[in-house]
Structure formats: C-alpha cells, structure tokens
Amino acid sequence: MKNFKYILYSVVAVGLLYACTPAGGNYAGTEYMPDMAHSVGYESQSYANYKRNNWDSASVINRKFLSQPMDPASGTIPRGYAGFSYSGPEAYDSIMNILRGGNQLNAIAVPVNGKVPYHYGDTEDERIRASKDIVGNPFPISEAGLAKGKELYDIYCGICHGEKADGAGYLVRDANPAKGDLGGVYPAAPANFMLDTFYISTNGRFYHAIMYGKNVMGGYAEKLSFEERWQVIHYIRSLQATAKGLAYSASANTLNPNFGVPAAQVKKIASAPVSAPAPSNSGGGGGNKPKGGK
C-alpha cells in the first residue's frame, strides 16, 4: 500500500513536470488560457473559426464575421480631413503639410480620405435636393487640379462617359466585325455631359452621382477622396467649356462663374484688404448720425 502511494505521487509529479515543459520542435506546449496570450487573429478571406478557442462553442469567434467590411462607429470620421476654407495657395500648402506629417519630426502622415460627411441620402428626392443645395466647387480651378482631374477621369469615368465626356466610352462602342470588335457591353450609352441639361446642372448633380452612382453606374465614394471628386468635376466642366469655345481654367471661367472660381481670382480676393466696419451709432457718442437723426 505504501509503495502504491509513492508510485502515485511519482506519476503526479512527472505529469506536472511534463505539463510545465517548454515548447520545442513539433510540440507547441500547453496553455491554460490561450486567449490571454494570443489575440484573435483577423484573417481576411479566411472563414475558419479561431482554433485556440475550441473548448467553448459560445466563445468561438467566426473569422467569416471578422473578415467582412465593418461600418465605423456612429459619429466617427477616420483620420484625414473633411475639407477646408481656401484662402490662398500658402494656406493650402500649410494644411497639406500638416496632414502629411511634414511639420514635425515625429508627426504621423495621415492619408487623405473621402470620409467627409455627406448629408444626402441615396434617393431621387435627395439627388434633386443635393442638386439645388450644392452649386459651387469648394476648390479653386487650378492647373494642377485640372491635370489631376483629367488623370482620375480617364481612369474611372472615361471608359464609359468617353474621353470627351460625350457618353461614347469604350464600353459602349459600336461593333466592328472587320476588326474582330464585337462592340461594347452596354446597350445604351451613359450620360452625355455635352448635353445642355448637364451644362446648366449644378455641381451637386455630379457630386451626388459620384457618391452613390446612377442607374447602372456604381458609386465612387470609396475610390475618390473628397478633393479628388471635386477635381474630376472641375475637369468635366473644362471639357464642357472647350466644346462651347469658352474658358474654364486657372485664370478665367466664362462657362459659369457659379461653378468654379479660378485660382488667380481666389488669390486676388484673399490678398485684398478687409474693409473697415462702419462706425457705430450706439454708445460713446463718437459715431456719425444718419441724416435726419435727432
């Protein structure tokens, strides 16, 4: 009996020592609470459950859920910028310098994003409301902006709307059997921005379409940042102006002054002295009284 007790103690001691042996080779070791040391991995395109949490089905986190796009918490905006009031090239450069971490040695360069609050829904009534409310362009017409707008338009818009914005893009081309071209994939051409209805449309009509899409066109809110959307609209306006023999550039806008302010004019306005306020007639007695005053 005494020998059996010693044997039992020895087995227990050996078991405890073995349980405490470090991992090595093909042996991963033993952990009492693995989730205390290993976080639940977020693996995109992986639908397997977290294998370390297999002792309790209620605590298993499905990676399919984790890999799906998540909406941000209500009321939050990702790091970046939501636009600013333009007061001249120097102010623009200063803001970009801050956003991109150029003003400090230990600053974080924040990527420009398109998560700007947009208070219009994806309905026809909201599209009409946006068209009425949003008229101008918050960014001045500049050479760099038009060049960027052209680049982005050619990438995202030209394939459908055409290089000239006439709705005759590559995807809606006519068939040419002689060259083995079976034609485009769309039976009807997308919007033709050269039509008069688009000449007189406010910028809100274009911006709302970029945000949500229209008909078979999908939205581009996640592909274009806040500023990029407006630069694309500037470029579309420049194509309209060219077709009409008008100007839409950094120096002049004869298409429609309400749709964009040339950078040259913005700089002149920003550098103009502020008019002194009219003297007050209240208090102190130093103001000029209006004619007929008593």
Review point. Can you check whether Asn253 reaches Ile141 side chain to side chain, under 4.5 Å on heavy atoms?
Key: yes
Review point. How about Glu227 and Lys148: do any of their side-chain heavy atoms sit closer than 4.5 Å?
Key: no
Please list, chain by chain and in numerical order, all residues satisfying side chain to side chain donor-acceptor pair (under 3.5 Å) with [X], sequence neighbours excluded.
X: Tyr156; result: none
X: Thr254; result: none
X: Ser142; result: none
X: Tyr235; result: none

Atom [atom1] in [X], atom [atom2] in [Y]: separation rounded to 0.5 Å?
X: Glu228; Y: Leu152; atom1: CD; atom2: CG; value: 5.0 Å
X: Ile210; Y: Cys157; atom1: CD1; atom2: SG; value: 6.5 Å
X: His161; Y: Phe198; atom1: NE2; atom2: CZ; value: 8.0 Å
X: Ile233; Y: Ser238; atom1: CD1; atom2: OG; value: 12.0 Å
X: Phe206; Y: Lys214; atom1: CZ; atom2: NZ; value: 13.0 Å

List for me each residue that meets side chain to side chain contact (heavy atoms under 4.5 Å, CB included) alongside [X], sequence neighbours excluded, and say none if there are none.
X: Ile155; result: Glu151
X: Tyr199; result: Met194, Asp196, Gln240, Ala243, Lys244, Leu255
X: Asp133; result: Tyr120, Arg129
X: Lys164; result: Asp166

Going by salt bridge (Lys or Arg N to Asp or Glu O under 4.0 Å), name the residues that satisfy it together with [X], two or more places apart in sequence or in a different chain.
X: Asp154; result: Lys150
X: Arg205; result: none
X: Lys223; result: none

Point to revise | Check: Asn137 side chain, Phe139 main-chain N or O, donor-acceptor pair, under 3.5 Å | key: yes
Exercise for review: Answer yes or no: is there a donor N or O on one side and an acceptor on the other, between the side chain of Thr202 and the main chain of Ser131, under 3.5 Å?
Suggested key: yes
Practice item. State whether the number of non-hydrogen atoms from other residues, nucleotides or ligands found under 6.0 Å of Glu126 atom CD is greater than 12. Key: yes
Practice item. Kindly confirm or rule out a cation-pi arrangement of Arg237 over Tyr248, judged by NZ or CZ under 6.0 Å from the six-membered ring centre and within 45° of its axis? Key: no
Exercise for review: Sequence neighbours left out, what passes ring-ring contact (aromatic ring centres under 6.0 Å, His included) with His208? Give chain and number order.
Suggested key: Tyr118, Tyr212
Practice item. Write down the atom of Pro190, the atom of Cys160, and the distance for their closest heavy-atom approach. Key: CG-O, 3.4 Å
Exercise for review: Would you name the heavy atoms of Pro262 and Ser251 that are closest together and state the gap between them?
Suggested key: CB-C, 3.8 Å
**Study point:** Residue pair Ile128, Glu124: steps toward the side chain to side chain contact (heavy atoms under 4.5 Å, CB included) verdict
**Key:** CA-CA 6 Å; Ile128 295 173; Glu124 185 62 20; 4.2 Å; yes
Review point. Are Phe259 and Phe193 co-members of a hydrophobic cluster defined by side-chain heavy atoms under 4.5 Å apart?
Key: no
Practice item. May I ask whether Leu195 and Met217 are part of the same hydrophobic cluster, defined by side-chain heavy atoms of I, L, V, M, F, W, Y residues being less than 4.5 angstrom apart, directly or through others? Key: yes
